[in-house]
Amino acid sequence: MEKKITGVLIVAAGKGIRSKSIIPKQYLHFGNQTVLEKNIRNFINEPLINFVKVVINEKHLDFYKKAIAKIDSTKLLPTCFGGKTRSHSVKNGLEAIANTGCTKI
């Protein structure tokens, strides 16, 4: 029987313009974690999930590095960069995991 590989693609490349904040909403703190960190941790802690790939805005690399600084998991794959629209960002993320053997995303 073929092993099922389940991945999570978190598309977090938005600028957060509607939130009217200098900091994109995925990097705002919710308690002692950023919104993005909380979501990544939730997926990493799920035993049925094999990996997590995050798509970010390349201008937010410093925000991202701070958000994941306390996460130490081989399930978290290197990030990839989004595109001009959400659909472009999703496409970039899917292309980035194309060779992972993922059977469910």
Side-chain angles (χ1 to χ4, degrees):
M1 185 159 104
E2 182 181 334
K3 182 182 176 194
K4 304 274 185 195
I5 298 174
T6 302
V8 171
L9 186 63
I10 299 176
V11 183
K15 297 176 185 172
I17 294 169
R18 290 179 293 172
S19 67
K20 297 180 182 175
S21 173
I22 295 170
I23 300 171
K25 61 185 171 258
Q26 62 271 35
Y27 301 108
L28 292 174
H29 277 81
F30 184 74
N32 62 350
Q33 300 176 36
T34 66
V35 173
L36 182 58
E37 179 185 0
K38 176 81 171 150
N39 282 283
I40 291 170
R41 285 186 184 281
N42 285 339
F43 286 118
I44 284 173
N45 292 329
E46 172 54 52
L48 298 175
I49 302 297
N50 298 100
F51 71 84
V52 176
K53 181 77 156 183
V54 183
V55 182
I56 66 167
N57 183 317
E58 66 182 306
K59 294 179 181 175
H60 300 159
L61 191 55
D62 288 338
F63 285 129
Y64 180 75
K65 286 179 180 179
K66 287 178 187 174
I68 66 161
K70 297 177 192 169
I71 298 175
D72 183 25
S73 174
T74 57
K75 285 186 175 186
L76 182 59
L77 300 181
T79 189
C80 71
F81 297 127
K84 288 187 178 188
T85 66
R86 184 167 187 83
S87 60
H88 288 131
S89 295
V90 170
K91 181 179 180 234
N92 290 354
L94 290 172
E95 287 174 349
I97 62 168
N99 297 324
T100 61
C102 185
T103 54
K104 188 175 182 183
I105 189 75

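All heavy atoms count here, side chains included; hydrogens, waters and symmetry mates do not. The residues of the chain are indexed from 1 along the displayed sequence.
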Option from I71, T34, N45 for which side chain to side chain contact (heavy atoms under 4.5 Å, CB included) with I40 holds:
I71
Where the side chain of K75 meets the backbone of I44, is there a donor-acceptor pair that is under 3.5 Å apart?
yes
Taking side chain as C-beta onward, heavy atoms only, is N92 less than 4.5 Å from E95?
yes
Suppose the criterion is ring-ring contact (aromatic ring centres under 6.0 Å, His included): which pairs have a residue in residues 64-105, not counting sequence neighbours?
none
Please tell me whether L9 and F43 are part of a single hydrophobic cluster in this structure, the criterion being side-chain heavy atoms less than 4.5 Å apart.
no
Say whether, by atom type as modelled, one donor and one acceptor occur between the side chain of T79 and the main chain of V54 under 3.5 angstrom.
yes
May I ask whether I105 and I49 are part of the same hydrophobic cluster, defined by side-chain heavy atoms of I, L, V, M, F, W, Y residues being less than 4.5 angstrom apart, directly or through others?
no
Please answer whether the main-chain N or O of G7 pairs with a side-chain N or O of K53 as donor and acceptor at a distance below 3.5 Å.
no
What class does the angle between the rings of Y27 and H60 fall in, given that below 30° is parallel, 30 to 60° is tilted and above 60° is perpendicular?
perpendicular
Does F63 reach the side chain of N57, with side-chain heavy atoms less than 4.5 Å apart?
no
Is there a side-chain contact between V90 and V55 (heavy atoms, below 4.5 Å)?
no
Student check: side-chain heavy atoms of T6 and L48 closer than 4.5 Å:
no
